[in-house]
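Before any comments, here is the structure.
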Amino acid sequence: MGMKVSIIGPGKVGMVLAYTLMMKGVAREIVLIGSDRARAEGEAMDLMHAQAFLQVPVTVRAGELADTAGSAVVAVCASVPSPPGMTDRNVIAEGNAALFRSVLPQVAKAAPDTRLVIVSNPVDAMTWLALEVTGFPPARVMGSGTLVDSIRFRELLSPLIRIHPDDLRAYILGEHGEHQFPAMSVASAGGELIDDTPERRALCEQAKNLGIEVFRKKGNTCYAIGLAAAYIVESILLDEKRTIPLSVKIDGFAGVSGVCLSVPVVVGANGVERYLHPALNPLETSQFRKAAMAVRSVIDRLQHPPA
Ligand SMILES: NC(=O)c1ccc[n+]([C@@H]2O[C@H](COP(=O)([O-])OP(=O)(O)OC[C@H]3O[C@@H](n4cnc5c(N)ncnc54)[C@H](O)[C@@H]3O)[C@@H](O)[C@H]2O)c1
């Protein structure tokens, strides 16, 4: 598979993704596609001027949607602006739905075999819409989902149980938003279950609010999500088969269908190569169903806008 990555929306998140892919030497060609061509060209030039510092040269250029042709991955970070002080990601759903409906058919035409990594919010509804608009098979469309939330959760859990965050198999699942929850009943480290205590469960609430808190303080979040997106792209390009909580089309898990939500999936060259089915307890199962209803209502709103 080629090592070409297209990034639609070279804004704050898209550019951290581009920079990270360049620094890691994973992608060999990066195309930046924005609504402002001059701006995308400026970003591409800036990254090209760093090439002499790299071990692996990467070609970075600005392009149009047709230039996604031949991309192994197309990452979608394009977005309408978020209103200042935004506390609910769903307020940009209509705006980003219109954006997706204008942009993604052209991607599907130019790069019919690519894998789509959706970052734009509200990411679960947008992943669903991307599936609908492109008609791509579910294995080739995934949203960053609760990956950042899970990473924040592990970061908070780590000092409490004194184990490196990367060694904690602890997942936040469900919606990237209000209806996310920690799958504590299946959280483990070193083959031992991590005890489900109210204190640990409360860390999920804390992790959930951290994204919004950063947004309140600096007006956006870009580094954690940019690296999270790069981690997904790398797992595809290098066929790493990492287990990652991502927003994917749910087909019967916990009695839920017809919606995208985060569950742990295995990501490799083909995209989502395997769906894992953690044995959630009754509380977690009902939380997963609540998340499904919340995301479903956003999808319904996008499919049947009020007259
Ligand atoms: N999933 C997550 O965990 C997560 C975390 C942080 C941010 N986000 C989301 O990522 C998105 C981007 O955030 P940001 O801070 O980088 O925003 P930003 O405003 O800096 O960037 C948006 C980019 O989209 C581009 N764009 C707008 N319309 C376009 C179009 N029609 N075609 C191509 N490009 C277009 C703009 O040119 C700009 O480069 C937002 O929706 C944000 O909510 C998601």
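When a residue number appears, it is its place in the shown sequence, counting from 1. These numbers come from a predicted model, not from an experiment. First listed ligand is number 1; within each ligand, the first listed atom is number 1.
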Spatial distance of atom [atom1] ([X]) from atom [atom2] ([Y]) [nearest 0.5 Å]:
X: Leu116; Y: Leu131; atom1: CG; atom2: CG; result: 8.5 Å
X: Asp196; Y: Asn281; atom1: CG; atom2: CG; result: 7.0 Å
X: Leu104; Y: Ile118; atom1: CG; atom2: CD1; result: 6.0 Å
X: Ile232; Y: Glu234; atom1: CD1; atom2: CD; result: 11.5 Å
X: Ser158; Y: Glu155; atom1: OG; atom2: CD; result: 6.5 Å

Check: Can a protein heavy atom be found under 4.0 Å away from atom 8 (N) of ligand 1?
Finding: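 Yes, there is a protein heavy atom closer to it than 4.0 Å.
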
Out of [options], who is nearest to [atom] when you count heavy atoms only?
atom: atom 38 (C) of ligand 1; options: Gly11, Gly226, Cys77; answer: Gly11
atom: atom 42 (C) of ligand 1; options: Val123, Asp124, Asn121; answer: Asn121
atom: atom 37 (O) of ligand 1; options: Ser35, Pro10, Gly34; answer: Ser35
atom: atom 41 (O) of ligand 1; options: Gly95, Gly14, Ser79, Ser82; answer: Ser79

Notebook entry, point to check: Out of curiosity, is Ser120 lining ligand 1, as in a heavy atom under 4.0 Å away?
Noted result: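 Ser120 counts as a contact of ligand 1 under the 4.0 Å cut-off.
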
Next item on the list: Answer with yes or no whether Leu147 contacts ligand 1, where contact means a heavy atom under 4.0 Å from a ligand atom.
Entry: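 It does not, in that no heavy atom of Leu147 comes within the 4.0 Å cut-off of ligand 1.
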
Notebook entry, point to check: Would Arg89 and Glu178 pass as an ion pair if we require N to O under 4.0 Å?
Noted result: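 Glu178 and Arg89: not salt-bridged.
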
Notebook entry, point to check: Is the shortest side-chain N to carboxylate O distance from Arg289 to Glu175 below 4.0 Å?
Noted result: no

Nearest protein heavy atom with distance in Å, relative to [atom]:
atom: atom 28 (N) of ligand 1; result: Leu99 CD1, 3.6 Å
atom: atom 32 (N) of ligand 1; result: Val103 CG2, 3.8 Å
atom: atom 15 (O) of ligand 1; result: Lys12 CE, 3.7 Å
atom: atom 25 (C) of ligand 1; result: Gly9 CA, 3.7 Å

Heavy-atom contacts under 4.0 Å between [X] and ligand 1: side chain, backbone, both, or neither?
X: Asn96; value: side chain
X: Val13; value: both
X: Val148; value: side chain

Note to self: So which atom in Ala189 and which in Ile194 form the shortest heavy-atom distance, rounded to 0.1 Å?
What the structure shows: N-CG1, 4.0 Å

Notebook entry, point to check: Looking only at heavy atoms, which two atoms of Gln51 and Val58 are closest? And how far apart?
Noted result: OE1-N, 2.8 Å

Note to self: A side-chain contact here means heavy atoms from C-beta on lying under 4.5 Å apart; do Leu32 and Val60 qualify?
What the structure shows: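 In short, these two side chains touch, coming nearer than 4.5 Å.
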
Notebook entry, point to check: Can you list the ligand 1 atoms lying under 4.0 Å from a non-hydrogen atom of Thr221?
Noted result: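 Close to Thr221: 5 (C), 6 (C).
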
Checklist line | For Ala78, atoms of ligand 1 separated by under 4.0 Å from a heavy atom | finding: 24 (O), 26 (N), 34 (N), 35 (C)

Any nitrogen or oxygen of [X] lying under 3.5 Å from a nitrogen or oxygen in ligand 1? Just yes or no.
X: Ser144; result: yes
X: Ile92; result: no
X: His176; result: yes

Next item on the list: Please list all pairs passing the ring pair (Phe, Tyr, Trp, His ring centres under 6.0 Å) test where one or both residues lie in residues 210-267, with sequence neighbours left out.
Entry: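 Found Phe253-His277, Phe253-Phe288.
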
With a cut-off of 3.5 Å and sequence neighbours excluded, list every side-chain donor-acceptor pair involving residues 34-41.
from	atom 1	to	atom 2	distance (Å)
Asp36	OD1	Ala38	N	3.2
Asp36	OD1	Arg39	N	3.1
Arg37	NE	Glu41	OE2	2.8
Arg37	NH1	Glu64	OE2	2.7

